[in-house]
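Heads up: the structure comes next, in structure tokens.
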Amino acid sequence: MLVDAIGCPYRTTNTAVRPDPCADYLSFKGGDPVEWDEFLGVWVVTGYTAVAQLLRHPALSSAWPTQGGTALHEDAPDRGNGSRTNSVVRRWFMFNDDPRHARLRKVVAPLFTAERVDGTRSFVESTVTDLLAGVGNSLDVMSDLAIPLSSRVICHVLGLPPDVAPRLRSWTQDIDALLRADYLPQAREQGDRAVREISDAVESVLRAGSADDGTGISLLHRAFRAGEIEREDVLATASLLVHAGFETTSTFIGKAVRAAIHTGTWQQLTVPEAGMALEELLRFDTSVQQVARVAREPVSIAGRRIEAGDLVLLMLGVANRDPAVFSAPDRLEPGREIKRLLTFGLGAHYCLGARLARLEAEVALQALASRSSTLSFVAPPVSRSHNGVTVLERLDIAFA
């Protein structure tokens, strides 16, 4: 099943640039679109068509944290009840099916309407201006721009105080590890603590009555008082928005700059078709590489039969590189016409914050592009492994 990654612009013989950020998903390229992984005991789906179909298939459930385990969980402590992650995370609407999923999603959907997101543009632009005001000829894209931008924006949207923003990076990294490696006691301990500290921050705002009308916390609290959701859902949904709103966007901004410099396409971000370039960057190196589902009943697809109870990994990043859909998929082409990406999912679980993520990335990239049409690395990009999750730690660049 595993084959050598091809066409990866990050692949290099220079060990200072390891770990290769493509290695964790491009190695799946070249196999069948749907395959059984004997080691993990899960289905791995890499074909664009198969992933798109299964994202919307009614027989697949998003509630994998309560049902889906891998072979790595068999000998893990406290796994006897079959539940994974954490009791708060299991309440996230992204890990629930309708009608619960639809009910909780509806509560916070007003935060992400086109009108609301467009109204956030001035805040995003002023934040980027402030962050770049003290920057000279070089900066670390992650710590100087991507991370503080995404953390401040989601705190603004939710109604969390600005002094909470610097804590989001460690919280989301620990939750990422919890989601992917909860069979490791350390990952569970750190993830549980991160979720608890986010809940404490939300509780503090509720006790103080300081959430402005229209913010995420105020919408959730109002829904609770109206009997539409439970008290636990206020904290769970807030922690979901903190995690999803920060981690996905900050990671993508860093990946986009890294990819554009590596492939020599940065100059094309300064042309009027920059919006098209953004879509290609979203395709080329997807922030969320995979989503999981668990089969509620048998499903036949691509000549394979998925049985009820089987865990299914839908590899979004690999599907976005499917040569059957995208010509020369391993080449970054900012002018590429893209009909549909899988980056933000499909169907009922399509990412609620996709428009906001695009806005933040667009403003950040255009601000950098306005500084210079030429960027270069000051040092090799630095990634590290955090409980099995590859984290882009530093991205030092210089303006020409």
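The figures here come from the full heavy-atom set of this structure, side chains too, leaving out hydrogens, waters and symmetry mates. Note that the numbering runs from 1 along the sequence shown for the chain.
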Main chain of [Y], side chain of [X]: is a donor-acceptor contact present, judged purely on distance under 3.5 Å?
X	Y	value
N96	R90	yes
S287	T248	yes
D322	A319	no
S250	I147	no

Just checking H101 against F95, ring centres under 6.0 Å apart?
no
Do we see a donor-acceptor contact under 3.5 Å between the side chains of [X] and [Y]?
X	Y	result
S218	D213	no
T263	T265	yes
S239	W92	yes
H349	S62	yes

Pick one: which of S143, P381, P380 meets side chain to side chain contact (heavy atoms under 4.5 Å, CB included) with L395?
P381
Measure from NZ or CZ of R105 to the centre of the six-membered ring of F93 and say whether it is under 6.0 Å with the direction within 45° of the ring axis.
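No cation-pi geometry.
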Cation-pi geometry met for R283 and F326 (6.0 Å, 45°):
yes
Please name all residues satisfying side-chain contact (heavy atoms from CB on, under 4.5 Å) with E297, sequence neighbours left out, ordered by chain then number.
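For E297 the side-chain contact (heavy atoms from CB on, under 4.5 Å) partners, ignoring immediate neighbours, are A59.
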State which residues pass side-chain contact (heavy atoms from CB on, under 4.5 Å) with A328; sequence neighbours excluded, sorted by chain then number.
R331, E333
I need the D212 CG to H156 NE2 distance, nearest 0.5 Å.
9.0 Å
E203 CD to E197 CD distance, which is reported to the nearest 0.5 Å:
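Here the interatomic distance stands at 14.0 Å.
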Heavy-atom side-chain proximity of L131 to D144 below 4.5 angstrom
no
